[in-house]
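Below is one structure, written out as structure tokens, with a few remarks after it.
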Amino acid sequence: MSRRFFKTGPGEYGEGDVFLGVRVPRVRAVARTYRSLPLNDVRRLLRSRIHEERLFALVILTHQFSKAGPAGKKRIFDLYSSHTRFVNSWDLVDGSAPHIVGAYLDRRSKQPLYRFARSRSLWERRIAIMATLHFIRRREFTETFKIARMLLADDEDLIHKAVGWMLREVGNRDVSAAQGFLAAHYAIMPRTMLRYAIEKFPERTRRRYLEGTA
């Protein structure tokens with residue numbers, strides 16, 4: 001079931017990923033037991049070909065990041081940034097990018113986000129937009145809007161969904177800000193992105209966006 005759910009067939013985004021079938025709550029429970037695992041051991045797990053082992057490593061990294069001092073946070077951010085090829089599924093990205101990348105860049109230059117957003121890697125582009133959830137939760141929307149604009153013409157459905165989701169999260173906190181962005185861009189947004197972004201709007205408002213009369 002996991003292989004179908006994560007599209008691991010030939011030519012699909014998860015081709016070749018290996019699953020043990022361990023459920024996420026169990027992975028998280030075991031990770032709590034080993035949350036002080038040395039970083040070198042976490043790195044080895046992150047490089048695993050087994051999906052649950054990479055998830056396990058990222059759960060530990062997220063926990064360790066939240067408890068670390070400045071030097072520790074930098075080590076974890078640098079490890080994550082240099083191992084993005086192993087953060088190669090939507091669940092791995094979504095559960096880690098806001099808590100590591102977004103949190104680390106909170107009061108720092110956002111250039112790493114723009115580098116990820118320009119990447120040829122689907123997962124680095126998803127990291128870029130998902131990391132902005134950290135800022136959204138602080139009611140800071142600038143980076144979300146900038147990266148969303150960069151990804152408007154993206155070809156990947158998983159990017160359309162992620163951008164739409166983050167715009168919806170903005171709207172959950174400041175509907176005027178979300179509608180301001182949509183007013184400028186909804187006509188050229190991929191349909192999936194738009195549907196995700198307006199999902200919580202009243203039915204009549206959603207219809208106007210979808211019919212192009214907003």
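When the ring pair (Phe, Tyr, Trp, His ring centres under 6.0 Å) test is applied to His160, no partner is found at least two apart in sequence or on another chain. For Tyr80, the side chain to side chain donor-acceptor pair (under 3.5 Å) partners are Ser96, not counting sequence neighbours. Residues meeting the side chain to side chain contact (heavy atoms under 4.5 Å, CB included) test with Ala177, sequence neighbours left out: Phe141, Phe145, Val170, Asp174. Taking the side chain to side chain contact (heavy atoms under 4.5 Å, CB included) definition, one finds that His83 meets it with Arg43, Leu46, Arg47, Leu79, Phe86, sequence neighbours left out. Scanning for salt bridge (Lys or Arg N to Asp or Glu O under 4.0 Å) contacts around Glu140 gives Arg107, Arg138, with sequence neighbours left out. Applying the ring pair (Phe, Tyr, Trp, His ring centres under 6.0 Å) rule to His185 yields the partners Phe181; only residues at least two apart in sequence or on another chain are considered. Legend: residues meeting salt bridge (Lys or Arg N to Asp or Glu O under 4.0 Å) with Lys110, ordered by chain and number and at least two apart, are absent. With sequence neighbours excluded, no residue forms a side chain to side chain donor-acceptor pair (under 3.5 Å) with Arg195.
With values rounded to the nearest 0.5 angstrom, Asp157 atom CG is found 9.5 Å from Met193 atom CE. Between the CG atom of Leu92 and the CG atom of Asp17 there is a distance of 7.5 Å, given to the nearest 0.5 Å. Taking CG of Leu194 as the reference point, atom CG of Leu152 lies at 11.0 Å (rounded to 0.5 Å). Residue Ser81 holds its OG atom at 8.0 Å from CD1 of Ile127, rounded to the nearest 0.5 Å. Annotation: the span from Leu45 atom CG to Ile50 atom CD1 amounts to 9.5 Å, rounded to 0.5 Å. The CD1 atom of Ile147 sits 5.5 Å away from atom CD1 of Ile129, with the distance rounded to the nearest 0.5 Å.
For the pair Asn88/Val93, no side-chain contact is recorded, criterion being any heavy-atom separation below 4.5 Å from C-beta on. At a threshold of 4.5 Å between non-hydrogen side-chain atoms, the residues Trp90 and Lys161 do not count as touching. With contacts defined as side-chain heavy-atom distances shorter than 4.5 Å, the pair Phe56/Val22 does not qualify. With contacts defined as side-chain heavy-atom distances shorter than 4.5 Å, the pair Glu169/Leu133 qualifies. Between Lys200 and Arg168, the closest side-chain pair of non-hydrogen atoms falls below 4.5 Å. Phe77 is not listed as a side-chain neighbour of Leu61, based on a closest heavy-atom distance of 4.5 Å or more. Residues Val163 and Asp154 form no side-chain contact, since every pair of their non-hydrogen atoms from C-beta on lies 4.5 Å or further apart. Using a 4.5 Å cut-off on side-chain heavy atoms (C-beta onward), Trp165 and Met130 make contact.
For residues 23-39, there are no side-chain hydrogen bond (donor to acceptor under 3.5 Å, both in side chains) pairs, not counting sequence neighbours. Sorted by first and then second residue, the side-chain hydrogen bond (donor to acceptor under 3.5 Å, both in side chains) pairs involving residues 67-79 (not counting sequence neighbours) are Lys74-Asp78. Applying the side-chain hydrogen bond (donor to acceptor under 3.5 Å, both in side chains) definition to pairs two or more places apart or across chains, those involving residues 204-214 are Glu203-Arg206.
Between Thr144 and Met166, the shortest heavy-atom contact is CG2-CB, 4.0 Å. In this structure, Leu167 and Ala148 approach most closely via the heavy-atom pair CD2-CB, 4.4 Å.
Remark: side-chain polar atoms of Tyr186 are paired, donor with acceptor, to backbone N or O of Ala214 under 3.5 angstrom. In this structure a side-chain-to-backbone donor-acceptor pair under 3.5 Å is missing from Glu52 to Val27.
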Next item on the list: For His134 and Val101, run side-chain contact (heavy atoms from CB on, under 4.5 Å): C-alpha distance rounded to whole Å, both residues' side-chain angles, the deciding distance at 0.1 Å, then the answer.
Entry: CA-CA 9 Å; His134 176 84; Val101 178; over 6 Å; no
Next item on the list: Mind running side-chain contact (heavy atoms from CB on, under 4.5 Å) on Arg173 and Ile136 for me, showing each step along the way?
Entry: CA-CA 8 Å; Arg173 292 158 176 83; Ile136 294 170; 3.7 Å; yes
Next item on the list: Report the C-alpha separation of Leu158 and Trp123 in whole Å, then their side-chain angles, then the decisive distance to 0.1 Å, and conclude whether the side-chain contact (heavy atoms from CB on, under 4.5 Å) test is met.
Entry: CA-CA 9 Å; Leu158 283 172; Trp123 304 117; 3.6 Å; yes
Going by atom type alone, with no hydrogens or angles, which donor-acceptor pairs under 3.5 Å involve a side-chain atom of residues 111-120 and a protein atom two or more places apart or on another chain?
residue: Tyr114; atom: OH; partner: Glu143; partner atom: OE1; Å: 2.3
residue: Ser119; atom: OG; partner: Ser121; partner atom: N; Å: 2.9
residue: Ser119; atom: OG; partner: Glu124; partner atom: OE1; Å: 2.7

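Using a 4.0 Å cut-off between charged nitrogen and carboxylate oxygen, Asp94 and Arg126 count as a salt-bridge pair.
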